[in-house]
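Written out below as structure tokens is the structure these notes cover.
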Amino acid sequence: MDDMGFPRRFRGDILTPSAPGLAALTAALRQGRQIRTRQDRQMPVSAGAGPAHLLACETSGSTGAPKTILRRAASWRCSFAVTARHHAIGPGDRYAGLGALGHSITLYAALEGLSLGADLALLGGLPARRQARALRDLGITVLYATPAQLRLLCLGARAGGVAALPRLRLVLTGGGPCPAPLRADLARLCPAAALWRFYGSGETSFVSWADPDAPPDSVGRPYPGVDLRLDARGEVRVRSPYLFEGYEGARAPRPRLRDGFLATGEIGDLDAAGYLFLRGRADRMVTVADRNVFPERIEAVIARDPAVALCAVIARPDGRRGHRITCVLQGPERDGIVGRLRRLCRAAIGPESVPHDFVFVARLPLLPAGKPDLAGLARQLGPAR
């Protein structure tokens, strides 16, 4: 892998020059400086003292304390070429991201768009209705966003009177499940857009991707250039040119590599056609009545209900059953929804995975990455009673 940084010159226009961190990002690119990001909405990007080919990105800390990931620019640049080839991306396109530049999906979108000659708009921090209007008015053609951000976008579009985004031709989403109600809302809002779902992390970058015809509950087949295998317990292991170099700091944990394969911490299954289905993270798995339960699977099932906008599942220790499952939902409680969601979970994944409690909140707390703040929710809920 070469030691070149990102391109220092780019042909596209910056459509949102006041977006937090964007001026610092473009300055670092033009000057050939190292790019460093952190989870700060106002100052997410700075120029580092390290080599320009080494990108330093702080993680969101969704499952623990934030760490700084180090990766070579080439590990992202080679996937830019995959996107350009598969989706015919070029200078005529207009990219947008809905999150902060400190989040890897938004940073990746910005660097890919600029590297491929596209125009760029970053809309993080705007209310969803204003994001929808900006996507329409700016004629955005390529959008990177998490499913949580896309749910809010669809709600904001309705509230803001945006009936459609006719120029949007490609939506790339990762960071969580994309259930059928959300896919249907996106089809109405973006009638000309192909929806591609992907699975990956800050450490792995792309692992798999799913085209519009992939099984809806899968995360697709291995991304081009990725060698994927499951170990004896079903943990996903990856070898590819997109892997990170390691974590910054002398006391930082070392990547778990075996024969060049990185352990992702995700448990999954591969079907006969090569599609990957994720059960959840090993470090979020809990036991309920001596059965293994994955909170992510519960979240994915509950998100199938059209009345659910956003949800998060918290497992709290329980002396009798091992853990007590609580589902937190955004929005008011509606008649019959709790019973309906319990029946849905029981039928889809079994009685142990049925939440014991349902809590309704006006707004689910989100991390800058656009994912639910699980640690914050656990603190708010406190211990099980």
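- A salt bridge is defined here as a Lys NZ or Arg NE, NH1 or NH2 lying under 4.0 Å from an Asp or Glu carboxylate O, and Asp259 with Arg237 fails to meet this definition.
- For the side-chain contact (heavy atoms from CB on, under 4.5 Å) with Leu111, the lone residue among Leu120, Leu116, Ile35 that qualifies is Ile35.
- A donor and an acceptor atom, one from each side chain of Ser115 and Arg77, are nowhere located under 3.5 Å apart.
- By the side chain to side chain contact (heavy atoms under 4.5 Å, CB included) test, Pro355 is found to be paired with Ile298, Ile302, Ile325, Cys327, Cys345, Phe358, residues two or more places apart in sequence or in another chain being considered.
- Aromatic rings of Phe198 and Phe206 (six-membered ring for Trp) have centroids within the 6.0 Å cut-off, being under it.
- Not one N or O on the side chain of Gln330 forms a donor-acceptor pair closer than 3.5 Å with the backbone of Leu310.
- Using cut-offs of 30° and 60° for the angle between ring planes, the Trp76 and Phe80 rings count as tilted.
- Rounding to the nearest 0.5 Å gives a distance of 10.5 Å between SG of Cys57 and CD of Glu203.
- A heavy-atom distance below 4.5 Å is found between the side chains of Glu248 and Arg36.
- Side-chain contact annotation: Ser79 with Tyr223, donor-acceptor N/O pair under 3.5 Å absent.
- Counting heavy atoms from C-beta on, the side chains of Ile349 and Phe294 never come closer than 4.5 Å.
- How far OH of Tyr242 is from OG of Ser205: 8.0 Å, rounded to the nearest 0.5 Å.
- Salt-bridge check for Asp305 with Arg343: failed, with every basic side-chain N at 4.0 Å or more from each acidic carboxylate O.
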